[in-house]
Amino acid sequence: MVTIRTDVAILGAGGAGLRAAIALAESDPGLRIALISKVYPMRSHTCAAEGGAAGVIKADDSLEQHFHDTVGGGDWLSDQDAVEYFIREAPGELVQLERWGCPWSRDPDGSVAVRPFGGMKIKRTWYAADKSGFHILHTLFQTSLKHPAIERFDEYYATDLLVDDGRCHGLTAIEMRSGQLREFRAQAVIIAAGGAGRMFRFTTNGAIKTGDGMALAYRAGVPLKDMEFVQYHPTGLPNTGILLTEGCRGEGGILVNRSGYRYLQDYGMGPETAPGKPVLKTMELGPRDRLSQAFWHEMKKGNTIPTPWGECVLLDMRHLGEKLIDERLPFVRELSTSYLGKDPVTEPIPVRPVVHYMMGGIDTDIGAATPLAGLFAAGECACVSINGANRLGSNSLTEILVFGRRAALSAVEYLRSGPRAGNERALTARTAEARERIRRLFEITGGRVSISGLRSEMMDTMEEHAGIYRTGGGLAQACARLSELRERHAGIGLNDRTNVYNTELLQALELKSMLDCAEAVAVSAQARTESRGAHQRLDFVERDDDKFLRHSLAHHRSGQPPRIEYRDVVVTKSQPGVRDYSGDKK
Amino acid sequence: MSERRVSLEVLRYDPETDSEPRFQRYPVPYHEEWVVLDALNYIKDHLDTTLSYRWSCHMAVCGSCGMMVNGEPVLACKAFLRDYPDEIRVEPLLHFPIERDLVTVIDDFMAKLARVKPYLIPARDEPASAAERRQTPAELKRFKQYTLCINCMLCYAACPEYGLMPEFLGPAAIALAHRYNRDSRDAGRDERQEIIAANEGVWDCSFVGACSEVCPKHVDPAGALQQVKIASTVDWYKEHLMPWVKK
Ligand SMILES: Cc1cc2nc3c(=O)[nH]c(=O)nc-3n(C[C@H](O)[C@H](O)[C@H](O)COP(=O)(O)OP(=O)(O)OC[C@H]3O[C@@H](n4cnc5c(N)ncnc54)[C@H](O)[C@@H]3O)c2cc1C
Ligand code: FES
């Protein structure tokens, strides 16, 4: 067994992982940093983010306002001390990216430009045309190349955390090129492994977003927080799930139903605004949960448009004109033209809500520390929580920066506190167990459970019962089904018994991660008998602050569904109130 | 849906058992909107779970899925079945060693990217500051195009020079250096130019322009190469013939 000894192991080389790695290298160039990722860093899904990153920079804006937008947008489930920290750090992080060369779009005077985004009362979303995440990721990756302390382990698939005596001491990962398991011994581990949208069939998430990081932490005893909150983005291309950024509406695009009517005004987001003259925090710039729910009601009323790929509404951008679209939304034009054959300059684009983002994730405190000593988490895999029950668009790209760095600083503090070394014998035994579990997958003969079949059943279950609107009955079915799938997963046998780049093996492991996450989603959703943000129950339609101004915590139990516990939300200055998206005109 | 089928002939290679690559043929249903990647996923899910290839975003931005389709380097997630005949041959990217099936070894490319110092090198006299720097839209435009590279390496597969001389830094790496050289916030051009102008650098390019033709993001690496080469020539003249002129 090859053992790699390092100070800090980072699992994931997307925006959060890279930001953490750079912060570590800057804080102490003598640190040994292992950056482990199942794909080359620039393939990480941060590259797909289009719209931009929020941070207060302009004179007309204030931290106070960003705080209130975020907390209200999250339906008061965010921890307000964490939001305060996040908002304070945000501008500095975005400027830091500017100093590292990020090609932010600019105003004529050369200052950074900002665009309107859903649920934000003031324009504060920094953008690089409509490839913001792409540029953030590449800027971070390229900047990381400056730091020799960062040793990359590209195409290593992490399988297990090494835990002994209540502390995390590293992880095991498969070197994909050789198929061999490697042991990483580290004093601290930061998980930055991204989201889990692939539990659903129709998603904006790339193939790699299978919730591995969440599942690793969960199986090591760290709870998953607020997993029932899954964000639907209102405007996905209906055939592929490819996202058309909220920037489309920020720039003035409108949503209409089959009669050309701007239906959002019927769902508490009116009165109607002039097309092409978007007004912040109302109509098309309402929050994502509300917009996706409005779509669902329109569909039930028969106001949507049938297409070969399901019911749709139309995103109309024609009035923006070719020049503006090419300048601010070139990627949107390229995507809808090539993948749907519709050019937004000349045609309205059919869209429907699509699974996009996990508000929930690994339980961390405001310092990005998990309850397991030596383990930190940041980015989409973590739940701090700043996003509450519904993330505002463009807060997440900022979150990966703010908390990526924060995780690094906390890890350094932890190292300086001189944590006890792990017991060699115990850790070696953990590694052997990890290897044994993988070896067993190779040994199952006649295992006729197919990975794609099982995955398909999981996706159908999630789409049917854990979507925009949920019911107790549906969720009960989902829970039962997911338990059964978890058991059947044990019968998966591999056809591919080879070592080198065995993607069948990886798919089997990824499926297990997704099943663990899916079960946490369904069980948490069943237990939350209220409606809040992205979690809407047809059988419990009201928000219930008495019972549920609390985070859910799903604890893993071997061979069983999770146990759910709760923790009070931290409220500092904003008492739960009414979410008002009716503009100022009222 | 339609009954039509296409036939994918896919290169297979397992270094543990195969002494050389072979081809395997798979019948795949035809859908008007499918890309080659959808066809590969169909094979993986329904016909042969042992096939290996790289992909993630399915929206032409992560750069994972570059491969040869009927002899041309393309992104599998943007190569529509409708644009090909019913017989489609899929091979790993040319000019890279094969790791397994359609997966190539890209160590050389990764090393080259790092070599050109692809990060801002501020001027030595630039005051340390944490403030936002100004950059006008016109200054941004000078380098924006070269920031769009997704590192898919199609240009390396298309580059005849890289095929002959693997030491050649190659289109994407040089375009990336050029991107930083042209950035108004950067002062590292001399450092980068030294690396590029070394013999395995820009001089090897014969300007066939194949790289720009296959680039899915219209980065135009050939244009970058040409400009870098001109700049290097000017540098050379300044240094050797007019040493009194400041670069
Ligand atoms: C299409 C799209 C558009 C978006 N647009 C915006 C936007 O405009 N604004 C905004 O704020 N947010 C946006 N988001 C959300 C935001 O982009 C993501 O939440 C964020 O980029 C996540 O970054 P991350 O670093 O946490 O994870 P990722 O970038 O997903 O990186 C995860 C990393 O973990 C690694 N990894 C995972 N599992 C393993 C394993 N088992 N072993 C080893 N490595 C592993 C991966 O290889 C990868 O390097 C968008 C999301 C999508 C999908
Ligand atoms: S899968 Fe990302 S570029 Fe093709």
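Here the structure is a predicted model, which is why all the values come from computation and not from measurement. A, B, ... follow the sequence lines: proteins, then strands. Residue 1 opens every chain.
- The shortest heavy-atom contact between A:Tyr501 and B:Ser52 is O-OG, 2.8 Å.
- Residue B:Glu194 qualifies as open at atom CD: its count of foreign heavy atoms under 6.0 Å is 12 or below.
- At least one side-chain heavy atom of B:Leu148 sits less than 4.5 Å from a side-chain heavy atom of A:Lys131.
- Here B:Glu132 does not pair with A:Arg99 in a salt bridge; the nearest charged N to carboxylate O distance is not below 4.0 Å.
- Only the side chain of A:Ile57 comes within less than 4.5 Å of a heavy atom of chain B; its backbone N, CA, C and O stay farther away.
- Listed options A:Pro91, A:Gly101, A:Ser338 were ranked by heavy-atom pairs under 4.5 angstrom with chain B; first place goes to A:Gly101.
- Rounding to the nearest 0.5 Å gives a distance of 9.0 Å between OG1 of B:Thr136 and CZ of A:Arg106.
- With rounding to the nearest 0.5 Å, the separation of SG in B:Cys149 from NE2 in A:His138 is 7.5 Å.
- Note that the CE atom of B:Met59 and the SG atom of A:Cys47 stand 7.5 Å from one another [nearest 0.5 Å].
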task: With side-chain contact (heavy atoms from CB on, under 4.5 Å) as the test, would you mind laying out the steps for A:His147 and B:Tyr119 before giving the verdict?
output: CA-CA 11 Å; A:His147 297 285; B:Tyr119 35 79; over 6 Å; no
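- Of the atoms belonging to B:Cys77, heavy atoms from both backbone and side chain fall under 4.5 Å from chain A.
- A:Arg43 places no side-chain N or O within donor-acceptor distance of the main-chain N or O of B:Ser56, the cut-off being under 3.5 Å.
- B:Asp107 and A:Arg177 make their closest contact through OD1-NH2, 2.8 Å (heavy atoms, listed as atom of the first residue, atom of the second, distance).
- Between A:Tyr40 and B:Met110, the closest heavy-atom pair is CD2-CE, 3.5 Å.
- Looking at A:Val112 and B:Arg133, their side chains never come closer than 4.5 Å, going by heavy atoms from C-beta outward.
- Chain B forms the most heavy-atom pairs under 4.5 Å with one residue out of A:Thr498, A:Thr46, A:Ile242, and that residue is A:Thr498.
- Heavy-atom distances place both the backbone and the side chain of B:Asp45 under 4.5 Å from chain A.
- A side-chain donor-acceptor contact under 3.5 Å links B:Arg185 to the backbone of A:Glu98.
- Interface residue B:Pro15: only side-chain heavy atoms are found under 4.5 Å from chain A.
- A:Asp107 and B:Arg134 are not joined by a salt bridge, as no carboxylate oxygen comes within less than 4.0 angstrom of a charged side-chain nitrogen.
- For the pair B:Lys117 and A:Leu145, the minimum side-chain heavy-atom distance is 4.5 Å or more.
- With chain A as partner, the option from B:Lys217, B:Glu139, B:His46 having the largest number of non-hydrogen pairs under 4.5 angstrom is B:Lys217.
- The closest side-chain donor-acceptor pair between B:Thr49 and A:Asn495 falls under 3.5 angstrom.
- Ranked by heavy-atom pairs under 4.5 Å with chain A, the first of B:Leu51, B:Leu176, B:Val105, B:Thr50 is B:Thr50.
- Residue-environment remark: NZ (A:Lys58) exceeds the threshold of 12 foreign heavy atoms within 6.0 Å.
- Taking chain A as the reference chain and counting heavy-atom pairs below 4.5 Å, the highest number among B:Asp38, B:Asn151, B:Leu140 is found for B:Asn151.
- B:Val61 places a side-chain heavy atom less than 4.5 Å from the side chain of A:Phe331.
- Between chain B and the residues A:Thr139, A:Asp154, A:Thr240, A:Asn499, the largest count of heavy-atom pairs under 4.5 Å involves A:Asn499.
- A donor and an acceptor atom, one from each side chain of B:Lys44 and A:Thr503, are located under 3.5 Å apart.
- We find that B:Asp14 and A:Arg497 are not joined by a salt bridge, their nearest charged nitrogen and carboxylate oxygen being 4.0 Å or further apart.
- For a residue to count as touching a neighbouring chain, one of its non-hydrogen atoms must lie under 4.5 Å from one of that chain's; by this rule B:Glu32 does not touch chain A.
- When heavy atoms are compared at a cutoff of 4.5 Å, A:Pro103 approaches chain B by way of both its backbone and its side chain.
- Using a 4.5 Å heavy-atom threshold, the side chains of B:Lys78 and A:Glu334 count as touching.
- No side-chain heavy atom of B:Ile150 sits under 4.5 Å from any side-chain heavy atom of A:Met42.
- Put simply, NE2 on A:His45 and SG on B:Cys62 are 8.5 Å apart, with the number rounded to the nearest 0.5 Å.
- Within the 4.5 angstrom heavy-atom criterion, only side-chain atoms of B:Glu16, from C-beta onward, approach chain A.
- Both the backbone and the side chain of B:Ala60 come within less than 4.5 Å of a heavy atom in chain A.
- With a threshold of 4.5 angstrom between heavy atoms, B:Lys141 does not approach chain A through any atom at all.
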Stepwise side-chain contact (heavy atoms from CB on, under 4.5 Å) check, B:Leu113 with A:Phe141: CA-CA 11 Å; B:Leu113 268 193; A:Phe141 170 59; 4.3 Å; yes
- prompt: Do A:Gln142 and B:Tyr180 pass the side chain to side chain donor-acceptor pair (under 3.5 Å) test, and can you show the C-alpha distance, the side-chain angles, and the key distance before you say yes or no?
  reply: CA-CA 11 Å; A:Gln142 289 160 12; B:Tyr180 281 98; 2.6 Å; yes
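- Proximity to chain A is limited to the side chain of B:Glu33, based on heavy atoms less than 4.5 angstrom apart.
- If you measure heavy-atom distances from A:Ile208 to chain B, the contacts under 4.5 Å come from both the backbone and the side chain.
- The CD atom of B:Gln135 lies 10.5 Å from the OG atom of A:Ser105; values are rounded to the nearest 0.5 Å.
- Note on A:Ala129, A:Gly110, A:Gly206: by heavy-atom pairs under 4.5 Å with chain B, the leading option is A:Gly110.
- Contacts between A:Glu327 and chain B at a heavy-atom distance below 4.5 Å are absent for every atom of the residue.
- Under the 4.0 Å criterion applied to side-chain N and carboxylate O atoms, A:Glu155 and B:Arg54 are assigned as salt-bridge partners.
- In this structure the side chain of B:Thr147 never reaches within 4.5 angstrom of the side chain of A:Phe134, judged on heavy atoms.
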